[in-house]
J.: 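Structure in structure tokens, see below.
Quick note on labels: first sequence line is chain A, next is B, and so on, each numbered from 1.
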Protein chains: 2
Amino acid sequence: MPKQTFLNLPEQKRQNLMKAAEEEFARVPLHEASIANIVKTAGIPRGSFYQYFEDKEDVYFYLLQEETKDRKLKFIHKLKEHNGDIIDAVTDFYYEFLVELPDEQELDFIKNALLNVTHKIENAFMSMFDENQTSEYTNEIVKLIDKGRLNIQSDKEIFHITQIIIAVAFRNFVEKFSRELSDKEAIENFTIEMNLLKNGLYKT
Amino acid sequence: MPKQTFLNLPEQKRQNLMKAAEEEFARVPLHEASIANIVKTAGIPRGSFYQYFEDKEDVYFYLLQEETKDRKLKFIHKLKEHNGDIIDAVTDFYYEFLVELPDEQELDFIKNALLNVTHKIENAFMSMFDENQTSEYTNEIVKLIDKGRLNIQSDKEIFHITQIIIAVAFRNFVEKFSRELSDKEAIENFTIEMNLLKNGLYKT
DNA sequence: ATTGACATGTGACACGATGTCATATATGAT
DNA sequence: ATCATATATGACATCGTGTCACATGTCAAT
């Protein structure tokens, strides 16, 4: 988390710095990114950077988190739209994400994140699901899911269902970028796999 | 890949260096590991290191690959043992992996790898499945899988089935370490999710 | 308007890591 | 014994990080 000093900064200066950070993280993945470049682009002295953030990772995850915020809202919206059908909601969400691509810089940032995912990055990215199992947000999601459709005995299994969906959805996401699939291919694969998930991998 | 020079080295010296590398990668994740430490532990001059490997990543992936080799054979064995039931084979494989833990150093190495997985690391680790879609090994696996049990129309879908299983298995694996689950919990979760995969997330 | 306490800005610096290269040494065939 | 080729070595240039002593700004109290 950024330090208070950063949050006290005038809007403009803050955005300027975040933009410079995104530029650097779009250029190269986290561990190759250099603070020297960020401060150069932002036109601030090196010392100031450390006034605002602990280190490189601190800006990185702050940025990632900021860019995920509205995705979370969008997901809730999709879940309502599909009357709690979680797989339909996820599929639609995925589709829309691919179609209305963010600007190039943000896209490169996402690519770099996906191809170098750590567990921490995956969690930040997929925080629309798990983040924190007792959070307000998670509660709302679980409430919205139509359990009637699901092949479960107890509520406890919802957790496993979401885990499975996250795992498969995320892997599709990563594959799309690592194997440079077209949107069409990516969505086809995604749909096939989601159907297999729905109906089971084994014959009944 | 290591350079020829490295492969020409006497067995003992090679093992010594690999052991030193593993020690460093067990201590910290890839991007924090330092070549300085490796050469110090191995007792070789810095220049020699670059005689043998391109860079840090080069040793890292070589090590990872070496340690995965016999896991691949073991997986084939499991698949035969379970008459081509891929989910039973994977579950058994997972169980055995957890139970007969490798030595502490290798375990720490694996932990660091799992908690900082990049797409490349995941692929190296899970090469018992996909590695290269046209490899000899993949062919054998596909041949061994009992397609009769699977809910598929064409062979093409086998690929998706394995993708799904990899995704879910791998995530369970990462969770086991990141959330420090006991072996018992880990295997319980794994089994529940594999059953959900078999029978489908949705009611029929 | 002056003071002082506190917050923020600044960049030189100590430290450590990387990859290279000129030079030294070993090896093995003729 | 000679020479070509392969290997060994460690000093070095370069770059990146995080810190710290010092400079500057802010603002409430007098």
Side-chain angles (χ1 to χ4, degrees), chain A residues 1-64 109 112 116 118 120-121, chain B residues 1-64 109 112 116 118 120-121:
Chain A
M1 270 288 106
K3 300 182 184 170
Q4 188 57 44
T5 314
F6 177 71
L7 302 171
N8 292 341
L9 246 42
E11 177 77 6
Q12 155 114 59
K13 196 170 181 184
R14 242 185 316 147
Q15 284 192 358
N16 181 42
L17 179 48
M18 290 317 284
K19 189 128 183 258
E22 195 192 46
E23 186 179 325
E24 178 66 359
F25 293 129
R27 189 181 67 83
V28 286
L30 174 56
H31 72 282
E32 286 176 49
S34 105
I35 294 175
N37 278 335
I38 297 176
V39 298
K40 203 170 105 197
T41 306
I44 62 167
R46 182 175 192 75
S48 291
F49 179 90
Y50 287 96
Q51 211 64 262
Y52 306 146
F53 297 99
E54 289 300 331
D55 51 26
K56 224 182 0 182
E57 300 220 337
D58 200 12
V59 223
Y60 186 81
F61 285 102
Y62 180 62
L63 186 58
L64 197 58
F109 171 63
N112 277 331
N116 298 275
T118 64
K120 211 174 156 192
I121 292 179
Chain B
M1 270 288 106
K3 300 182 184 170
Q4 188 57 44
T5 314
F6 177 72
L7 301 172
N8 292 340
L9 246 41
E11 177 78 8
Q12 155 112 59
K13 196 170 181 186
R14 243 184 317 145
Q15 284 192 358
N16 181 43
L17 178 48
M18 290 317 285
K19 187 127 185 258
E22 195 190 46
E23 186 179 325
E24 178 66 359
F25 294 129
R27 189 181 67 83
V28 286
L30 174 55
H31 72 282
E32 284 176 50
S34 108
I35 295 176
N37 279 335
I38 296 176
V39 298
K40 204 171 104 197
T41 307
I44 63 168
R46 180 174 194 75
S48 292
F49 179 90
Y50 286 96
Q51 208 72 259
Y52 306 145
F53 297 99
E54 289 300 329
D55 51 25
K56 222 182 3 180
E57 300 220 336
D58 199 14
V59 224
Y60 187 81
F61 284 103
Y62 180 62
L63 186 58
L64 197 57
F109 172 63
N112 276 331
N116 296 275
T118 64
K120 211 174 154 192
I121 293 178

J.: What is the separation between atom CZ on A:F53 and atom C1' on D:dT17, rounded to the nearest whole Å?
T.: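 Between C1' of D:dT17 and CZ of A:F53: 17 Å.
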J.: Using atom CG of B:L7 as one end and atom C1' of D:dA6 as the other, report the distance to the nearest whole Å.
T.: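 Distance, rounded to whole Å: 15 Å.
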J.: Using side chain to side chain contact (heavy atoms under 4.5 Å, CB included), reason through A:Y62 and A:M18 one step at a time and then give a plain yes or no.
T.: CA-CA 9 Å; A:Y62 180 62; A:M18 290 317 284; 3.4 Å; yes
J.: Reckon B:Y52 touches a base, only the sugar-phosphate, or nothing at all at heavy-atom distances under 4.0 Å?
T.: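 The answer is sugar-phosphate, as B:Y52 gets under 4.0 Å only of primed atoms, P, OP1 or OP2.
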J.: Between A:Y50 and A:I35, does a side chain to side chain contact (heavy atoms under 4.5 Å, CB included) hold up when you go through it step by step?
T.: CA-CA 10 Å; A:Y50 287 96; A:I35 294 175; 3.1 Å; yes
J.: On DNA chain D, does the nearest nucleotide to B:K13 precede the nearest nucleotide to B:R46 from the 5' side, or the other way round? Give the residue.
T.: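 Mapping each residue to its closest nucleotide by heavy atoms, the 5'-most match is B:K13.
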J.: Quickly work out the A:Q4 CD to D:dT26 P distance and round it to whole Å.
T.: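 After rounding, the reported distance stands at 18 Å.
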J.: Mind checking if B:S48 touches a base, just sugar-phosphate, or nothing, with heavy atoms under 4.0 Å?
T.: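 Answer is base: heavy atoms of B:S48 come under 4.0 Å of a base.
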J.: Rounded to whole Å, please give me the gap between CD in A:E54 and P in D:dT19.
T.: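 To the nearest whole Å, that distance equals 9 Å.
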J.: Measure CZ/A:F49 against C1'/D:dT19 and give the value in whole Å, please.
T.: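 About 14 Å, once rounded to whole Å.
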J.: Whole angstrom is fine here: how far is it from CD in B:Q51 over to C1' in C:dA22?
T.: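 About 13 Å, once rounded to whole Å.
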J.: With respect to the side chain of A:P45, which nucleotide from C:dA17, C:dT10, C:dT8 is positioned closest?
T.: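 So the nucleotide nearest the side chain must be C:dT10.
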J.: Looking at D:dT9, D:dA8, C:dT18, which one has an atom nearest to any side-chain atom of B:I35?
T.: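 The listed nucleotide nearest to B:I35's side chain is C:dT18.
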J.: Closest to the A:K56 side chain: D:dT17, C:dT20, C:dG9?
T.: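 Minimum distance to the A:K56 side chain belongs to D:dT17.
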J.: Kindly point out which of C:dT20, D:dT7, C:dG9 is positioned nearest to the side chain of B:T5?
T.: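 Nearest to the side-chain atoms of B:T5, counting from C-beta on, is D:dT7.
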J.: When you measure from the side chain of B:L9, which nucleotide among C:dA17, D:dA8, D:dT17 comes out closest?
T.: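 That would be D:dA8.
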J.: So does A:K19 pair up with A:E22, basic N to acidic O under 4.0 Å?
T.: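 Result for this pair is no, no salt bridge flagged.
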J.: What integer distance in Å separates B:F6:CZ from D:dA6:C1'?
T.: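 In whole Å, D:dA6 C1' lies 17 Å from B:F6 CZ.
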J.: With respect to the side chain of A:N8, which nucleotide from C:dT8, C:dG11, D:dG18 is positioned closest?
T.: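 Of the options given, the side chain of A:N8 lies nearest C:dT8.
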J.: Would you sort out whether B:F109 and B:Y60 count as a ring-ring contact (aromatic ring centres under 6.0 Å, His included), showing the intermediate values?
T.: CA-CA 10 Å; B:F109 172 63; B:Y60 187 81; 5.6 Å; yes
J.: Between B:I38 (CD1) and C:dT18 (C1'), how many Å, whole number?
T.: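 It is 12 Å, rounded to the nearest whole Å.
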J.: Would a distance-only check, ignoring hydrogens and angles, find a side-chain to backbone donor-acceptor pair under 3.5 Å from A:N112 to A:A26?
T.: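 Yes; judged by distance alone, with no hydrogens or angles, the pair exists.
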